[in-house]
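Reviewing the structure listed below.
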Amino acid sequence: MFYPEFGLINKVLYYFGVVDGAILWLNNRYISLIIFGIILSWRVIPFCSILILANIKAIPDDIFEAAEVDGASTFYKIKDILIPILKPTFLIVIINLILASINIFDEVVALVGFRKLGEPFMLYNYKQTFSFLNIGYGSAISYTLTLILGVIGLIYIKFLKREKNDEER
């Protein structure tokens with residue numbers, strides 16, 4: 001889609017007379033980061049949306065009907081009922097987004113190759129380990145990333161245990 005000469009976006013813009021020549025989308029660092037964000041969103045948002053929608057559908061209607069009888073407005077139904085119930089789901093979604101953003105690799109390599117432009121963390125690790133044969137440094141990066149993600153996982157587990165204990169009380 002973003003290829004300068006044959007990409008769909010350039011063809012559409014040229015057809016409608018918006019541009020006269022090809023736009024080099026991936027030669028600007030900020031535009032390429034926006035494009036990577038769009039691609040990552042295209043990959044991650046459907047799962048997150050289905051997860052949130054499934055949890056919203058699992059909430060019994062009786063809760064909202066009781067709140068309506070009590071005179072709660074739509075704002076308070078969302079603020080006091082929906083968001084607290086969906087808090088664990090939002091945490092899963094946030095962790096999924098963090099993991100997906102850290103692990104973006106093949107999309108970047110397919111679009112810009114191994115250029116320094118918009119280099120994500122995993123591509124930097126790959127280049128250090130396999131291109132420069134700096135295996136010790138690449139291994140240290142991998143272990144550090146594993147520790148950080150392990151801490152995030154522990155925080156998530158602690159949060160779920162706290163939520164479970166709060167529900168039992």
Side-chain angles (χ1 to χ4, degrees), residues 1-59 61 64 67-68 72-134 137-138 141-142 144-146 148-149 152-153 155-156 159:
M1 289 181 65
F2 299 104
Y3 191 76
E5 295 159 10
F6 306 112
L8 176 67
I9 296 175
N10 277 336
K11 291 289 185 186
V12 169
L13 292 175
Y14 183 75
Y15 178 77
F16 287 115
V18 177
V19 295
D20 293 332
I23 298 174
L24 303 173
W25 296 102
L26 300 170
N27 284 350
N28 184 334
R29 178 186 190 114
Y30 300 108
I31 294 175
S32 64
L33 288 175
I34 291 170
I35 291 170
F36 298 151
I38 291 169
I39 292 170
L40 187 65
S41 300
W42 187 267
R43 184 173 49 144
V44 174
I45 286 177
F47 171 73
C48 297
S49 300
I50 290 172
L51 188 64
I52 291 171
L53 182 64
N55 283 303
I56 288 173
K57 292 292 184 180
I59 299 172
D61 291 333
F64 292 109
E68 196 170 315
S73 66
T74 305
F75 173 75
Y76 285 106
K77 285 192 269 186
I78 292 171
K79 178 183 158 280
D80 294 333
I81 297 172
L82 188 64
I83 291 177
I85 291 174
L86 293 179
K87 200 183 296 183
T89 306
F90 290 145
L91 188 60
I92 291 171
V93 166
I94 289 170
I95 288 174
N96 186 25
L97 292 172
I98 290 170
L99 291 175
S101 64
I102 289 174
N103 290 324
I104 188 169
F105 177 81
D106 50 347
E107 296 92 348
V108 176
V109 171
L111 286 174
V112 296
F114 291 99
R115 291 188 287 172
K116 186 90 171 147
L117 182 71
E119 181 179 63
F121 186 70
M122 294 304 287
L123 185 59
Y124 174 75
N125 187 17
Y126 178 84
K127 282 172 50 177
Q128 289 296 320
T129 306
F130 298 110
S131 296
F132 304 133
L133 294 178
N134 201 352
Y137 183 60
I141 291 172
S142 297
T144 304
L145 180 63
T146 302
I148 291 170
L149 295 177
I152 292 172
I155 291 170
Y156 172 68
F159 180 79

How long is the gap from CG on Leu40 to OG on Ser101, to the nearest 0.5 Å?
6.5 Å

CD-OG1 distance between Glu68 and Thr74, expressed to the nearest 0.5 angstrom:
8.0 Å

side-chain contact (heavy atoms from CB on, under 4.5 Å) for Ile52 and Phe90? Distances and angles first, verdict last.
CA-CA 8 Å; Ile52 291 171; Phe90 290 145; 3.8 Å; yes

Sort and list the pairs that fulfil salt bridge (Lys or Arg N to Asp or Glu O under 4.0 Å) and have at least one residue in residues 46-56, not counting sequence neighbours.
none

Set of residues satisfying ring pair (Phe, Tyr, Trp, His ring centres under 6.0 Å) with respect to Tyr126, sequence neighbours excluded:
Phe105, Phe114, Phe130

How far apart are the closest heavy atoms of Lys79 and Pro84, and which atoms are they?
O-CD, 3.4 Å

Can you list every pair that meets salt bridge (Lys or Arg N to Asp or Glu O under 4.0 Å) and has a residue in residues 95-115, with sequence neighbours left out?
Arg43-Glu107

dist Arg29:CZ -> Ile31:CD1 (nearest 0.5 Å) comes out at 13.5 Å

Working to the nearest 0.5 Å, report the span between CD1 of Ile102 and CE of Met122.
9.0 Å

What closest approach, in Å, do Asn125 and Gly138 show between heavy atoms, and which atom pair accounts for it?
OD1-O, 3.1 Å

Identify the two heavy atoms, one from Lys127 and one from Glu119, that lie closest to each other, and give their separation to 0.1 Å.
NZ-OE2, 2.8 Å

Rounding to 0.5 Å, atoms CG (Leu26) and CG (Leu111) come to a distance of 5.5 Å

Search all heavy atoms of Leu123 against all heavy atoms of Gly113 and return the closest pair with its distance.
CD2-O, 3.9 Å

Heavy atoms only: give me the nearest Pro46-Ser41 pair and the separation to one decimal.
CD-O, 3.9 Å

Which salt bridge (Lys or Arg N to Asp or Glu O under 4.0 Å) pairs, counting each pair once, include a residue from residues 3-13, with sequence neighbours left out?
none

With sequence neighbours excluded, what pairs up with Tyr3 under the ring pair (Phe, Tyr, Trp, His ring centres under 6.0 Å) test?
Phe6

Not counting sequence neighbours, which residues clear side chain to side chain contact (heavy atoms under 4.5 Å, CB included) with Leu13? List them please.
Ile9, Val18, Val19, Ile23, Trp25

All heavy atoms of Tyr14 vs all of Asp20, minimum pair found to be CE1-O, 3.3 Å

Give a yes or no on whether Phe16 atom CZ has more than 12 heavy-atom contacts from other residues, nucleotides or ligands under 6.0 Å away.
no

For the atom pair OG1 (Thr89) and CD1 (Ile56), what is the distance rounded to the nearest 0.5 Å?
8.5 Å

